Structure formats: C-alpha cells, structure tokens
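Quick note on labels: first sequence line is chain A, next is B, and so on, each numbered from 1. Not measured: the values here are computed from a predicted model.
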2 protein chains.
Amino acid sequence: MDIGHKLRTIRKQRGLSQRELAARAGLTNGTISLIEKNRTSPSVASLKSLLDAIPISMAEFFSTLEETEAPKVFYRADEFTEVAPTREGQVSLRQLGNAEHHALQVLHETYPAGADTGPELLTHEGEEAGIVVRGTMEVTVDGNVAVLKSGDGYLFDSRRPHRFRNIGEDVCEVVSACTPPSF
Amino acid sequence: MDIGHKLRTIRKQRGLSQRELAARAGLTNGTISLIEKNRTSPSVASLKSLLDAIPISMAEFFSTLEETEAPKVFYRADEFTEVAPTREGQVSLRQLGNAEHHALQVLHETYPAGADTGPELLTHEGEEAGIVVRGTMEVTVDGNVAVLKSGDGYLFDSRRPHRFRNIGEDVCEVVSACTPPSF
DNA sequence: TTAGGGTGTTTAATATAATTGTCAATCGCC
DNA sequence: GGCGATTGACAATTATATTAAACACCCTAA
C-alpha cells in the first residue's frame, strides 16, 4: 500500500508543490512530506482533503493504486508481524506476510533459554515443518522426543500433539512453516 | 463522506459483530464503534485492515460509497466549519458547506460586544449581503455608515472597502452570503 | 428470578498523526 | 558569484486516533 509514492506521483503530474497542495487541502506541507514518505498513515479525512484538492476521487485513487500494485513478494526483516503477544523474555513468533490471504504461514521463531510452548500439547489441522538456525531445541511430537541443533529440522502432521522447548543455554531460533495457517 | 454508515452496512451484510471484525483486523471493538458513528476518521492503514478483514478492496469500498452519495444539501449547526482562527472573545465565522466547490459562500457570523473587523477596510471580488439576526451592528461601506438592528440587512459590491463593528453591548449575529467565495 | 454470553457504547490512558517553526538545498535572476 | 524565493525534510509540540476496561443493554437458559 504505497500511498506516499502514489500521492507524490499524482501531485507532480499536476505540477503542485507540497506547500501549494497543503494550502488547498487545508493541511500543512510537513504533513504531506510525511505522508509521501510513508512515515505516517493519513486519516481518511486528511487523504480525502488532499484528493479533493487535486482533484481526484477516493475510488479513482485506490483503484489505480491497487491495480498497479503487484502482490507483495519480498519482506524486510522489520516488516514481519509479531503474532504472539510479546512478553519480555518470552517466545517471539514473527510471521512472514499476512497468513489470512495465503495457504502458507512462515514464522521466524525466537526462544530464549528455557522457553517452552507449555506442558499442554498443541494440536491443530495441517502440516508443519521447520529448521533450527541457531541454538538447540527439544521437540516432542506424539510422545517422540528429539533434540535438534542448528541445521536440523522437523516435519509432521499438526494434529499430532506437539511441544517445543529450548533446553540449551542460549537463544534458539527456528524458521517454521505451517499449512494451512494455524492462527 | 459517511464512512461509518457504509462500514456498518457492509459489516452487518456479512453478519459480523464489531468484536469479530476487530479481532480479524487487529483492532479493537471500541475503535470500530467510534468509526461507525463517525466520531473519528480512521487512518488509511486502519481502514485498510478492516476492509482486508471483511474482505473488500479500498477501491470497491469508495466507489460504492461515492456513487451512492448525493451532493450534500442539509447541514446541522455542528457541521459548519469555523473559517477564521477562533480567538477567545473574537469574531466567529462559521461557514455553511465547502465554499471551494460552490459559487456561494454563506456564513453564520458571531461578533462579541466590541468586536471589529479592524480599521483596515476589506475589499475583494464579488458581492456580499447579510441580515442581522441578533444584536446591533455598525456597517461601514465606502464611507457610508449605518447601524443595523435585528432584521436589518446589507448588500453591496465587495470591491467597495467595508468594515463591521459590533457597537452594542450584547453579542451580534449575522447571516451573510458572498459570491464568489472570498476565501 | 438470576446468571451468563452476546451485543454496541463510553471513558481515561496511551500511541499516533498533524502542526508549527526551522533547516539546508536548489533554482533562477539580476 | 550573491541574493531572494521556493523546494522538501526534520524536531518538538499539539491535536487526534486507538486502546483497554468498564458500562448498559438485550437475549436465552438454568
């Protein structure tokens, strides 16, 4: 959703400066600068003021924006979304993309020393797999226990009750995949 | 731009509660309540989250919204926009509708006792007229001075230098019209 | 009747957007 | 080159959206 870039393109097409557009829209140049650099997400009211001043309709703006927008493929590390409530010193699950719109859910998981998904085993529809990329992880699946080190992996039917536990002394990182997304 | 009503309509169509939609969109039910009652203008990011969760595209949302939206005709008192910076105990100019898109600018003006548009006379293109609805107003136009009471009015070419002054002891209210809009 | 789960609304606290004022860089234009 | 005007960017403050937690209001079942 690169609103900033789109707005800048249209504004320049019309030969408007940030200050001039701001005056027409009843906003300030600073605000437009921030919006165009995607450093803030404008309120619908603000965006409407801007588009009215150009002028271009909301529908038109978003239709040309959304149609020229290819499905997102690449994600920078800081674009991952934390899907578990981040408690200090707890497991961190960072999800790649928006699982709701895909069949595949990929997580970058970080387990501090001693972290544990808990004694009550997990079960859900689908299959999951993962590779340990740092540290050591004890994985329990349907009664079978294994200790995986960096480079090792797992793959199982998610209906089988499972549990993850970092039994090492260092942080453990795992890259995992799940299909269909479990949450 | 009745985003709230539109959102509520679509949400109910899909049989979603505010809480359920909020959960899917990663927002809170309270936020949705405020948006639906137009008590806040959501950020584009928030609105996108909501529409993604429904799901419906931004373009679709605004196209059906804007096409079904008839030009606004009626304005409640609280929908007037203050067009002069509101200083305490100063003149208040409350504008009917958005003058940018109309040939006619109508103001509901309030002058506290002693208020004055200032010794430097005003001049601008167009014609203006008004009726005093409360209090007493001294109006100067091109050297001619008159004291207008409730029910009295004025009408002149705006290029003639003019000035308004509330010489009474009470608040004075005037309903005025200007064409083309002067600001 | 009461207790419990569902709804939408409201409130004070917090996170975020928008303003204000200023900055350095760029562009003519004598 | 030096000056004024205009540009987009930035930091600190102000205004606003968003949250979290409570509320009141149905329902229905015990």
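- Taking 4.0 angstrom as the limit, B/Gln18 places a side-chain polar atom (N or O) nearer than this to OP1 or OP2 of C/dT9.
- Listed by chain and number, the residues in a side chain to side chain donor-acceptor pair (under 3.5 Å) with A/Ser41 amount to none (sequence neighbours excluded).
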Seminar exercise, completed: Each nucleotide of nucleotides 12-27 of chain C classed B (base within 4.0 Å of a protein heavy atom), S (only sugar-phosphate) or -, in 5' to 3' order, makes -----SSBB-B-----
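- Here the nucleotide nearest the side chain of A/Lys37, chosen from C/dG8, D/dG8, D/dA9, is D/dA9.
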For this session: Kindly determine whether B/Val175 and B/Leu107 satisfy side chain to side chain contact (heavy atoms under 4.5 Å, CB included), including the steps that lead there.
Result: CA-CA 6 Å; B/Val175 173; B/Leu107 300 174; over 6 Å; no
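- Nucleotide D/dT7 holds its C1' atom 10 Å from the CZ atom of A/Arg11, rounded to whole Å.
- The side chain to side chain contact (heavy atoms under 4.5 Å, CB included) check on B/Arg160 picks up B/Val141, B/Asp142, B/Asn144, B/Phe156, B/Asp157, with sequence neighbours excluded.
- Taking the salt bridge (charged side-chain N to carboxylate O under 4.0 Å, His left out) definition, one finds that A/Glu127 meets it with nothing, sequence neighbours left out.
- In this structure, NZ of B/Lys12 is placed 8 Å from C1' of C/dG8, rounded to the nearest angstrom.
- The distance from atom CD of A/Glu20 to atom C1' of D/dA5 is 14 Å, rounded to the nearest whole Å.
- With sequence neighbours excluded, no residue satisfies side chain to side chain contact (heavy atoms under 4.5 Å, CB included) with A/Asp170.
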For residues 54-61 of chain A, which side-chain N or O atoms pair as donor and acceptor with protein atoms under 3.5 Å away, sequence neighbours left out?
from	atom 1	to	atom 2	distance (Å)
A/Ser57	OG	A/Glu60	N	3.0

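- B/Ser17 comes within 4.0 angstrom of sugar-phosphate atoms only, judged by non-hydrogen atoms across all strands, and of no base.
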